Amino acid sequence: MRMYDLIMKKRNGKPLEKEEIDWMISEYTAGRIPDYQMSAFLMAVYFQGMSEEETLNLTMAMAHSGEMLDLSGIRGIKVDKHSTGGVGDKTSLALTPMVAACGIRVAKMSGRGLGHTGGTIDKLESFSGFSTEISAEQFEEQVNRIGISIMGQTADLAPADKKLYALRDVTATVDQMSLIASSIMSKKLAAGADAIVLDVKTGSGAFMKTREDALALAEEMVRIGNGAGKHTIAVVSDMNQPLGNAVGNALEVQEAIATLRGEGPEDFTELCLTIGSYMLVAGKKADTPEEARAMLRRVIADGSALKKLEQFVEAQGGDPGQVRHPELLPAAAIREPVLAPMDGYLQSIQCEEVGNCSMILGGGRETKESELDLSVGLILHKKTGDFVKKGEPLATIHANDREKAAQASKRYLAACRIGEEPVQRPELIHAVIR
Ligand code: URA
């Protein structure tokens with residue numbers, strides 16, 4: 001086979017055969033196809049698209065380009081969860097102990113964040129001593145013993161995607177539906193779970209800005225998951241404003257703990273209950289989402305979800321005392337309120353800008369090597385649709401540097417639009433694709 005012929009075939013709008021995709025991905029992973037040829041191919045896909053069959057074949061080829069995690073040593077149905085990412089998205093922190101307390105086996109691989117805010121692993125490292133660099137043996141033993149473990153993504157998980165994603169990033173070929181869907185799903189399939197629940201975000205703080213695009217991506221990923229023999233469900237949820245009130249690593253951990261105590265913000269709690277209920281259905285712990293929701297509410301009310309987080313933190317070397325006493329988590333020295341300049345309704349919050357504010361404060365990464373300040377971030381006091389009086393705080397900035405605090409405060413204020421007209425709160429759950 002020659003890469004030249006495959007580029008021309010795709011350029012002319014013809015579908016590639018499975019054998020051709022398998023060959024191309026294995027040769028590219030091995031370094032035998034140069035980046036310039038793969039770039040041309042990606043651009044051809046950008047304009048010509050891929051059929052459902054091609055997208056599934058590409059996903060499977062990328063999933064098999066490295067290690068396929070074998071979770072067969074873990075008893076029961078393993079259910080994974082994935083979010084396409086957004087500002088204040090700490091869902092995994094609260095959700096995984098909740099579903100584990102209901103008997104679901106959570107064997108999850110997570111990543112660090114780049115840009116905006118930290119990823120799940122960065123947030124978990126707010127607990128002193130917590131580590132996700134654990135062996136496969138400890139991972140398996142821990143899931144069998146306490147029902148939950150989260151480990152860092154290994155370098156050998158879908159290496160073809162790693163190379164391709166880096167190339168797409170510099171060739172203007174990231175935002176193509178089949179390429180995004182196959183990239184995300186290849187990593188999920190390689191991570192070995194039996195069932196997958198996806199949280200596809202839409203809105204100003206999400207990758208998919210429009211509801212239509214988010215729905216199309218969700219449908220594509222569900223098709224791939226089911227095509228690969230994994231029970232896959234997608235929830236399309238809103239990201240036109242930050243999720244919950246906390247943005248920033250340790251602040252988000254505190255909010256997740258409050259949610260496990262039953263004292264979390266309404267939108268964040270609702271999202272955890274929605275995604276959690278589909279995880280329980282996919283894991284066959286409940287027959288209907290309604291029954292599952294009642295189970296999740298029970299483990300919050302009786303304290304077993306919070307206890308599960310404590311066990312999980314302790315098992316991975318963290319300090320469980322910080323779950324009982326979240327005030328012991330890293331805290332910033334400076335608290336600066338952002339005051340409303342006028343009376344009115346908060347009409348919108350430019351979500352991506354809130355992520356940028358956290359980044360300015362040191363809560364996100366500019367490069368892979370950046371050190372995070374886990375203590376900084378923002379607490380929102382008003383969300384879209386709320387009425388605010390002049391001089392009332394819209395948010396509080398948590399910072400360790402006065403100049404950065406002033407910069408973030410200015411940008412946060414500019415990101416908020418206040419007007420006289422009342423506006424509706426954005427709908428949180430846009431769709432569920434089963
Ligand atoms: N996240 C991924 O992992 N891949 C994409 O292509 C886009 C978002």
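We number each residue from 1, following the sequence as shown. In this text the structure is predicted, and so the values were computed from the model without any measurement. Remember, it's 1-based here, ligands and their atoms both numbered in the order they're listed.
For ligand 1, the 4.0 Å heavy-atom shell takes in Y165, R168, I180, S183, I184, K187, F207, ordered by chain and residue number.
Cation-pi geometry between K10 and F41 is not met: the NZ or CZ atom fails to fall both under 6.0 Å from the ring centre and inside 45° of the normal.
With Y412 as the fixed residue, the side chain to side chain contact (heavy atoms under 4.5 Å, CB included) test singles out one of V247, I349, T396: I349.
Using a cut-off of 4.0 Å between Lys/Arg side-chain N and Asp/Glu carboxylate O, K209 and E352 are scored as salt-bridged.
Between N400 and A332, the shortest heavy-atom contact is OD1-CA, 3.4 Å.
Residue-environment remark: NZ (K78) exceeds the threshold of 12 foreign heavy atoms within 6.0 Å.
Residues F130 and F312 place their aromatic rings such that the two centres sit under 6.0 Å apart.
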